[in-house]
Amino acid sequence: MSISTVFDIAASAMTAQSMRLNATASNLANANTAAGPGGKPYQARQVVFSEMLIPGTDASGVQVSRVTNDTAPPRMVYEPKSSLADARGYVAYPNVNVVDEMADMISASRSFQMDVEMMNTAKQLLQKTLTLGQ
Amino acid sequence: MTNGISNGIDFLSQALKLRAARQQVLAGNLANADTPNYKARDFDFAQALAAATGSDNSAQSLARTDPMHLGLDGSSAGQIRTFERPGNQPSLDGNTVDTNTEQARFTDNAVHYEAVLMFLTDQIKQMQMAMQQGA
């Protein structure tokens with residue numbers, strides 16, 4: 001039952017949000033990568049959050065339980081002259097929805113800022129507690 | 001003679017522990033603002049404080065039939081009854097955390113925590129003053 005557990009909660013949240021930002025950045029960077037290694041186009045990555053119990057307390061933080069690949073079919077673009085075109089002249093581009101990724105990025109950075117605020121408030125309260133009685 | 005002063009300090013220290021517990025619960029809500037199917041939690045501070053200080057006429061001792069059962073002096077999380085706060089807006093992933101509400105409550109709880117610290121400091125200063133006056 002202590003304020004310092006809030007540090008652990010905020011740290012878990014910041015880690016989770018930064019992993020989400022990493023996944024979004026990967027997706028945006030590879031939005032036009034037609035042929036990844038192994039000859040298949042890049043698949044959009046999504047992180048799945050789940051509640052996590054902070055060890056030693058009954059407080060709940062958050063963790064990334066798994067990173068999934070989006071199984072939606074790749075985006076087919078008709079480019080017969082490209083060297084990556086298949087038999088019918090279509091090139092398979094990744095199934096990254098750029099609008100979705102931008103919205104995800106804004107949401108993740110907003111949550112991250114909120115978690116930093118949480119940590120700052122906890123630090124302030126702990127410092128005030130240390131000067132109790134003075 | 002010192003009963004009055006130590007009662008005041010006991011009460012305030014119990015209030016401080018409960019404020020810290022509430023801070024933890026609200027921080028958990030904020031951390032899980034994006035987790036699917038997470039329900040926002042909270043507990044009634046006034047009720048928890050009354051229960052912890054025994055001023056709500058509930059039984060003072062808990063029946064323990066097994067050495068593993070927690071007593072009243074155990075971790076206070078065992079006694080705090082958290083409830084799930086109903087969400088304001090429906091959401092696709094079942095998450096009921098409204099970040100604006102949660103942040104407001106978090107800040108409010110932090111201010112109350114500082115207020116309790118201030119009262120505790122006052123009590124301690126009173127004790128010190130009483131000790132010095134005797135000289």
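Naming convention: chains lettered A, B, ... in sequence-line order (proteins, then strands); numbering from 1 in each chain.
- With a 4.5 angstrom heavy-atom cutoff, B/R19 does not touch chain A via any of its atoms.
- Proximity to chain B involves both the backbone and the side chain of A/A59, based on heavy atoms less than 4.5 angstrom apart.
- The backbone N or O of A/S50 lies less than 3.5 Å from no partner atom in the side chain of B/T35, so there is not a single donor-acceptor pair.
- Most heavy-atom pairs under 4.5 Å with chain A: of the set B/D93, B/L30, B/L120, this distinction falls to B/L30.
- Of the residues listed (B/N29, B/T101, B/L26, B/T99), the one engaging B/F106 in a side-chain contact (heavy atoms from CB on, under 4.5 Å) is B/L26, and it is the only one.
- Looking only at distances, no side-chain donor or acceptor of A/D115 sits under 3.5 Å from a matching main-chain atom of B/A31.
- Judged by distance alone, with hydrogens and angles left aside, the side-chain atoms of A/N95 form a donor-acceptor pair with the main-chain N or O of A/A72 at under 3.5 Å.
- A donor-acceptor contact shorter than 3.5 Å is absent between the side chain of B/D42 and the backbone of B/T82.
- With a 4.5 angstrom heavy-atom cutoff, A/T121 touches chain B only via side-chain atoms.
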Go through the steps for A/F49 and A/M19 under the test side chain to side chain contact (heavy atoms under 4.5 Å, CB included), then give the verdict.
-> CA-CA 10 Å; A/F49 284 170; A/M19 282 178 80; over 6 Å; no

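- The contact between A/Q134 and chain B is made entirely by backbone atoms, counting heavy-atom distances below 4.5 Å.
- Both the backbone and the side chain of A/S60 come within contact range of chain B, with heavy atoms under 4.5 Å apart.
- Ranked by heavy-atom pairs under 4.5 Å with chain A, the list B/L117, B/D122, B/I124, B/T107 is led by B/L117.
- Per-residue heavy-atom pair counts under 4.5 Å with chain B were compared for A/M52, A/K128, A/R110, A/M14, and the maximum is reached by A/K128.
- None of A/N27, A/T24, A/N22 except one satisfies the side-chain contact (heavy atoms from CB on, under 4.5 Å) rule with A/R45; the exception is A/N27.
- The parts of B/A110 that come within reach of chain A are both its backbone and its side chain, each placing non-hydrogen atoms under 4.5 angstrom from that chain.
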